[in-house]
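The next block holds one structure in the form of C-alpha cells; read it before the comments.
Residue numbers begin at 1 in each chain, while the letters A, B, ... track the order of the sequences. It should be emphasised that the depicted structure is a prediction, and the values quoted were computed from it without experimental measurement.
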Amino acid sequence: TISSPLATQIPQAAGAAYALRRDGGKQCAVCYFGEGAASEGDFHAGLNMAATLGCPVIFYCRNNGYAISTPSVEQYRGDGIASRGIGYGIDTIRVDGNDIWAVYAATKAARKIAVEHNRPVLIEAMTYRVSHHSTSDDSSAYRSKKEVEDWSKRDNPVSRMRAWLENKGWWANGDDAEIAKSAKAEVLHAFSAAEKLKKPSIGLMFEDVYDQLPPELERERKEIDALVRKYPDYYQVHDFARQ
Amino acid sequence: MYPHAVSSILLARSGKAAIRGRLLPTAARRLYSSVTENDNVEPIRGLDLGVAHSKLLLRTVSAVRSSSELRTLGVAEGETRKMNMCQAVNDAMRHALTTDETSVVFGEDVAFGGVFRCSVGLADDFGRERIFNTPLTEQGIAGFAIGLASMGHTAIAEIQFADYIFPAFDQIVNEAAKYRYRSGNQFNVGGLTIRTPCSAVGHGGHYHSQSPEAFFAHVPGLKVLMPRSPVQAKGLLLAAIRDPNPTIVFEPKILYRSAVEQVPVDEYELPLSKAEVLKTGKDVTVVGYGSQIYALENAIQMIERDMPGVTCELIDLRTILPYDAESVAESVNKTGRLVVAHEAPRTQGFAAELAAEIQERCFLRLESPIQRVCGLFIPHPLVYERFYMPCAVRTYEAIKDSLSY
C-alpha cells in the first residue's frame, strides 16, 4: 500500500520479515528507499530492529544523488548509506546501481544470507537521477543541464543493457523502434480508457475506515447523501459512479 | 527515567493504602504529591476516598455472579481468581497467546516481565521468539508492529509509558490508521494492538503521568480504549487484540496494583464502543473513564450525602473511539445535566468532543451548561498535582454548579 511519509516502510519491513520468519517458509522481505529517506528516524529504528531481532529483510537503498533539490552532500557527511549498515551490525554491500547484473547478483546473494541466517542485509545501489523529481519539479533550477546530459550519456543503465544485449547478438539496433511505438500506443489507450471511467461511487468514501461502518460514519454518509442530492451540480455528481 | 524505581514506589503505594489511619513516618507523608492525609477536612468529612474503597470493583465471587454483563458473556458462573489490573492484563495476553499462534508480545523490557510486571512469566511459557525485547525506539516498535500485522499476524506492542508514544505518532496516524482505507481493503493491520500505561500515579510529573487519548481520538481508523479495573482490563484488552482494527489500550498505571477484583479465569471479550452505566440516577449524568471513575464515584458520594434526594448517574465510557454517544445521550435525555471528567488537559480534551456531541443531540433537554472537569491546561505537574487533577473535590463542585444553575 502507498503512503507519502518517507521511510515508514523500513521498520514495517522488519516486522513483515519477522512474520515471514515465524511462518517458516524461507521467505524474506525486501524494502526499497532513497538516500534521502535514509535520514529519517524510521531508517535507524528499522535497521536496528531488524538486526537485533533477526529479521530476514533486504534493505535496498537507491542512492541517486538527489532528494528533490537536495544533493547527497547536503544529505549526509558519512560514507553514504552503506557505512551505516556496519554501525548496526548488518552485512552491507555497495553496488553499481546502473549495472543490472551487479544488482541482480547482489540481491540474490543478499536473499541467500537473509533466509538462511535470518538476518538483514543492506544494499546501497549507486546511481544518478536523470529525471526531475516529479512533474512539479524543474531540476534546471538546482543543477546544470550539462550534468544531467553527461550522466545520461556516460552511465545510463538502459543503454548499458542494450550494449550488453547487442554484444551478445540478442538485440539489433532498430528492434526497439517498433516495441517503443506499440508500448506507447498501449499506454495511451489505457490512459484514455481510464479517463473515461467514472470516479468511484460517493458512498464508498466511508468504507474501510474500519472493518465495519460505525454509527457516526453512517450518520455522515446520510448527511453527504442528502447534501449531494440537493446540490448535484456543485458536487459534480455525474463524474461519480452511481451508488 | 528509572522504571524499576517507579514500580517499587507503586508497590509501596498500595501498602500505604492498606495501612491508612495509622500514623505514617514524615518521609512517607511527603512522598506523594497528590495524596492528602487530611480527610476530615471539608468537603471530605471522613469519606473513604479512592479505588481502595470503591464499591464499583467486583471484590467478591458473588459480585461477579451478579454482573449482568459477565452473565451475558457466560463467565459469571465460572471460576474466578483474585487479580490486580496488571495480572488481569497478563491473563488477557495469555489467552491471546494460547489461542493465536501468530500472536507475539514485544516492547522495551517486556521479556523479563515488564517494568509494571504485566508480562511476567510470558517468555517462560511462550518462548523468546514470541515474547521479546525491542531496542529503545517507539517509532521502531510501532512500525515493526504494523509490518507484522500487515502480514496477518497479531502484534501486541507495548509502549512503556504513554508519555513516550509520540515518536510513534506518525506510524500510528499515517500508516496504521489508514492502512485498510488507502488499500481499498486489500490489506489491513487489524492485528495490531498497542498497550501503554497512562495517567497520574502521584509522583510521575511531566513524563510519567500523561493521558494522551485525545490525540488518538481524532484519528479515523483507530480504536482507543481505557479500562477502569481488572475485570474491564482483561475483557477490553482481549477484545482489542481480536478486533480487526488497529487499537490502542491506555492502562491507568495507578490501578495496576491498587485495583483488585475477582476476575473470571476463562476468556471473555467485553463489547467495544459500549459505555457502561455504573450507577443510575435522575438528576445529573457524570461521565468519565479510567482511574477518573473513582474520583467521580467519590464526588457523587459527597453530592448525595450533602444534597439528599439528588441522585447522579455514573457512566464509564470505556471506549473513547468510536465512543458510545447514544448511551450518554439517552442518560442526558433523562437527567438534563452532564458533567464530563478526564485527567487530560481541558482545552481540546475529549470532554470537548462529548460536550459538542451531546449539546447537538440534547440541546432542548439540557437544564444547565455541560461541565468539563479536567486537568489544568498546563504540563502535568509534580508538586502541584493535587491542584492539576480533576479530583473528587473539584468534580463535586462542578456537579453542584450543574445542579444549581
Using non-hydrogen atoms and a 4.5 Å limit, figure out which bit of B:Val219 sits close to chain A: side chain, backbone, both or neither. backbone
Highest number of heavy-atom pairs under 4.5 Å with chain B: which of A:Ala19, A:Ala45, A:Ala13? A:Ala19
What's the shortest heavy-atom distance between A:Leu20 and B:Met151, and which atoms? CD2-CE, 3.4 Å
4.5 Å side-chain heavy-atom contact, B:Phe144 and A:Leu53: yes
Tell me whether the count of non-hydrogen atoms from other residues, nucleotides or ligands lying under 6.0 Å of OH in A:Tyr60 goes above 12. yes
If you count the non-hydrogen atoms of other residues, nucleotides and ligands that lie under 6.0 Å from CD in A:Glu195, is the total more than 12? yes
Count the heavy atoms of every other residue, nucleotide or ligand shown that sit under 6.0 Å from OH of A:Tyr142, and state whether that count exceeds 12. yes
Contact part of B:Leu321 toward chain A, heavy-atom cut-off under 4.5 Å: side chain, backbone, both or neither? side chain
If you look at every heavy atom in A:Pro11 and B:Gly140, which pair is closest and at what distance? CB-O, 4.0 Å
Side chain / backbone / both / neither for A:Ile10 at chain B, heavy atoms under 4.5 Å: neither
With a 4.5 angstrom heavy-atom cut-off, is it the side chain or the backbone of B:Val104 that approaches chain A, or both, or neither? side chain
Which donor-acceptor pairs sit under 3.5 Å apart between chain A and chain B?
residue	atom	partner	partner atom	Å
A:Thr1	OG1	B:Arg182	NE	2.6
A:Thr1	OG1	B:Arg182	NH2	2.7
A:Ile2	O	B:Arg182	NE	3.4
A:Ser3	OG	B:Glu175	OE2	2.6
A:Thr8	O	B:Gln171	NE2	3.0
A:Thr8	OG1	B:Glu175	OE2	3.0
A:Gln12	NE2	B:Gln171	OE1	2.9
A:Gln12	NE2	B:Glu175	OE1	3.1
A:Tyr18	OH	B:Glu129	O	2.5
A:Arg22	NE	B:Glu129	OE1	2.8
A:Arg22	NH1	B:Glu101	O	2.9
A:Arg22	NH2	B:Glu101	OE2	3.2
A:Asp23	OD1	B:His153	NE2	2.9
A:Asp23	OD2	B:His153	NE2	3.2
A:Asp42	OD1	B:Gln139	NE2	2.8
A:Asp42	OD2	B:Gln171	NE2	2.9
A:Met205	O	B:Tyr181	OH	2.6
A:Asp208	O	B:Tyr181	N	3.3
A:Tyr210	OH	B:Gly221	N	3.3
A:Tyr210	OH	B:Leu222	O	2.7
A:Asp211	N	B:Asn245	OD1	2.9
A:Asp211	OD1	B:Asn245	ND2	2.7
A:Arg219	NH1	B:Glu357	OE2	2.6

In this structure, are over 12 heavy atoms from other groups packed under 6.0 Å from A:Lys184 atom NZ? no
Neighbour count >12 (heavy atoms, 6.0 Å) for atom NE2, A:His238: yes
A quick test of your reading: do over 12 heavy atoms of other residues, nucleotides or ligands sit less than 6.0 Å from CZ of B:Phe112? yes
Can you say whether A:Ala14 sits under 4.5 Å from chain B via the side chain, the backbone, both, or neither, judging by heavy atoms? both
